[in-house]
Structure formats: structure tokens, C-alpha cells
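Just so you know, these numbers use all the heavy atoms, side chains as well, and skip hydrogens, waters and symmetry mates.
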Amino acid sequence: MPAPVLLVIAHGSRDPRHAATVHALVRRVRAMRPGLRVETGFLDFNVPSVQGVLESLAAEGVRDVVALPLLLTRAFHAKSDIPAVLREAPGRLRVRQAEVLGPSPLLLAALERRLFEAGLSPADRSSTGVVLASAGSSDPEAIAVIADIAREWRRTGWRAVRPAFASASLPRTEDAVRELRAAGCARVAVAPYVLAPGFLPDRIARGAAGADVLADVLGPAPEVARVLLERYEAARRPALAALGA
């Protein structure tokens with residue numbers, strides 16, 4: 001029996017950097033798992049649409065799909081938008097929605113990769129305050145997850161880690177940078193907890209003007225690709241168990 005197709009569902013953006021980064025991440029996933037069919041669909045702004053990909057797969061005779069939200073927290077899109085789109089899939093397709101990517105120790109590793117690429121080193125941990133800057137959400141569950149990640153990351157040796165948000169919640173990135181300066185951090189770094197460039201990541205970058213280091217978005221980091229594959233395997237596991245595999 002063929003493995004389910006992995007359908008990566010991205011939000012989409014008018015900013016062309018967004019789709020380019022999503023496609024780069026999907027290419028890395030394909031390289032890590034040769035033979036696994038990986039498709040990409042967008043909720044808005046970009047093509048192909050999620051519905052269009054599902055219809056094309058059904059027309060080809062595909063039967064099983066794992067739909068993976070390219071999201072870091074379980075907020076509105078994961079809880080509402082994506083399930084609504086998947087309910088409209090052709091009836092002959094069996095579609096399982098995988099969990100969102102975060103939280104995961106691999107994502108913390110990807111955040112650190114980006115900080116070290118931006119010029120920090122492991123020796124800087126004890127003197128550096130980090131702003132964990134996410135897009136933001138009005139969903140309390142999503143906000144709580146970001147706060148938990150900041151607390152967990154602080155335990156790895158950074159002087160301090162403060163969450164910040166580009167929209168919907170406070171504090172903003174610039175406020176967290178000032179807090180860390182006032183707390184006596186010798187160095188302040190901003191780590192965007194976002195997957196691809198766009199409007200909100202640009203707002204994070206502007207808020208990082210007073211920081212010493214601004215890391216890149218997570219993008220196609222190998223750790224992110226590994227999380228995608230982990231979520232895919234977890235979503236298809238119940239079906240394998242039912243088949244006695």
C-alpha cells in the first residue's frame with residue numbers, strides 16, 4: 001500500500017518571499033525522505049490552493065493524504081480554517097490532519113541555529129538576553145505555548161528569554177528588547193519564531209532595531225524539516241496500526 005501523500009498547508013502571503021521559503025522547506029523535506037510524495041497548498045494569496053491540490057490528487061487516484069499545517073501553534077487556522085477546507089475534500093480521499101509543528105525541541109534547536117548563524121556562539125549564552133518573537137495570536141492557548149517555550153529555552157543557559165508578539169498580544173519586540181537592556185543583559189538578541197518572511201516578520205525586524213543581533217526566520221532549517229516528517233509519521237501511525245503494519 002503506498003504511503004499517504006504529505007500535503008503541506010501554508011497560509012500564503014502577498015510577499016513573494018513567503019512562498020519561496022515554503023517551497024525551499026518542502027524541497028528539504030523531499031531530500032530527507034526520497035520516495036515520499038510531498039505537495040504544497042496555500043490557504044490564501046498563492047497557488048495552488050489546498051482545495052485545488054486535493055482535487056488533483058483525487059483525480060489521479062490518490063486515496064490517502066496527511067495534511068500538515070505549516071503552523072507553529074494551534075490557533076485559529078489550525079482549529080478552524082484548515083479543518084473547514086479539508087472537509088471539502090473529494091469524498092474518495094481519506095485526509096488526516098497532522099498536528100502543528102510546535103512546540104518541539106527541534107524548533108528550539110532551529111532557533112539556536114539561526115542565532116549562531118547571526119553571530120552568537122554558545123559561550124554567549126550566560127550574558128545574552130533573547131527575545132522570542134512570534135507573530136502573535138488572539139488565542140490564549142497559543143500565547144501560553146509561546147510563554148512556555150520561552151521558560152523552557154531560558155533553562156538551557158541564556159541570561160534571560162522574553163516572549164514578544166508582532167500582533168494581537170503584548171509585549172512588542174521593541175518593548176522586550178528594552179526590558180532585557182534594563183535587566184542588565186550585556187547583549188540582546190531577537191530570535192523570530194516564524195517560518196517565513198512577510199508582513200509580521202518585517203515588523204519583528206523593525207522592533208529589533210535596538211538589539212545587537214537579529215536572527216533569520218526559521219525557514220528551511222533542517223530541524224524544521226525533521227519536525228514536518230515527525231508530524232507526518234505520527235498522523236499516519238494509527239492507520240498503519242489498523243492495517244497491522
Within the 4.5 Å heavy-atom criterion, are [X] and [Y] side-chain neighbours or not?
X	Y	answer
L93	L54	yes
V53	T40	no
V145	L72	no
F165	L170	no

Side-chain donor/acceptor of S167 to backbone N/O of A135, under 3.5 Å =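 Answer holds: yes.
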Quiz item: Would you find a donor on one side and an acceptor on the other, under 3.5 Å apart, between the side chain of Y193 and the backbone of P163?
Solution: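 Absent.
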*Hey, what do you get for OH (Y232) to CG (L7), rounding to the nearest 0.5 Å?*
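Going from OH on Y232 over to CG on L7, the span is 11.5 Å.
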task = Determine the minimum heavy-atom distance between Q51 and P90, stating which atoms define it.
result =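 Shortest heavy-atom separation between Q51 and P90 comes out as NE2-CD, 4.4 Å.
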Please give me the minimum heavy-atom distance between L115 and V190, naming the atom from each residue.
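Looking at all heavy atoms of both residues, the shortest contact is CD2-O, 4.2 Å.
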**Asked** Of the options V224, V22, I9, which is the one that meets L70 in a side chain to side chain contact (heavy atoms under 4.5 Å, CB included)?
**Response**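 Considering V224, V22, I9, a side chain to side chain contact (heavy atoms under 4.5 Å, CB included) with L70 is found only for V22.
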With a 4.0 Å cut-off on N to O distance, would you call [X] and [Y] a salt bridge?
X	Y	value
K79	D139	yes
R113	D216	no
R125	E112	yes
E117	R114	yes
E99	R231	no
R14	D44	no
D175	R178	yes

### All pairs passing ring-ring contact (aromatic ring centres under 6.0 Å, His included) where residues 39-60 contributes a residue, at least two apart
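As it turns out, the ring-ring contact (aromatic ring centres under 6.0 Å, His included) pairs with a partner in residues 39-60, which skip direct neighbours, are H23-F42.
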Test: salt bridge (Lys or Arg N to Asp or Glu O under 4.0 Å). Region: residues 19-36. Which pairs qualify, not counting sequence neighbours?
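Listed once each, the pairs are R33-E233.
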Linking directly or through intermediates, with side-chain heavy atoms under 4.5 Å: list the remaining ILVMFWY members grouped with L200, chain and number order.
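F199, which link up through side-chain heavy atoms under 4.5 Å apart, make up the rest of the cluster.
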Notebook entry, point to check: Above 12 or not: heavy atoms from other molecules or residues under 6.0 Å from CZ of R226?
Noted result: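 Count not over threshold, so no.
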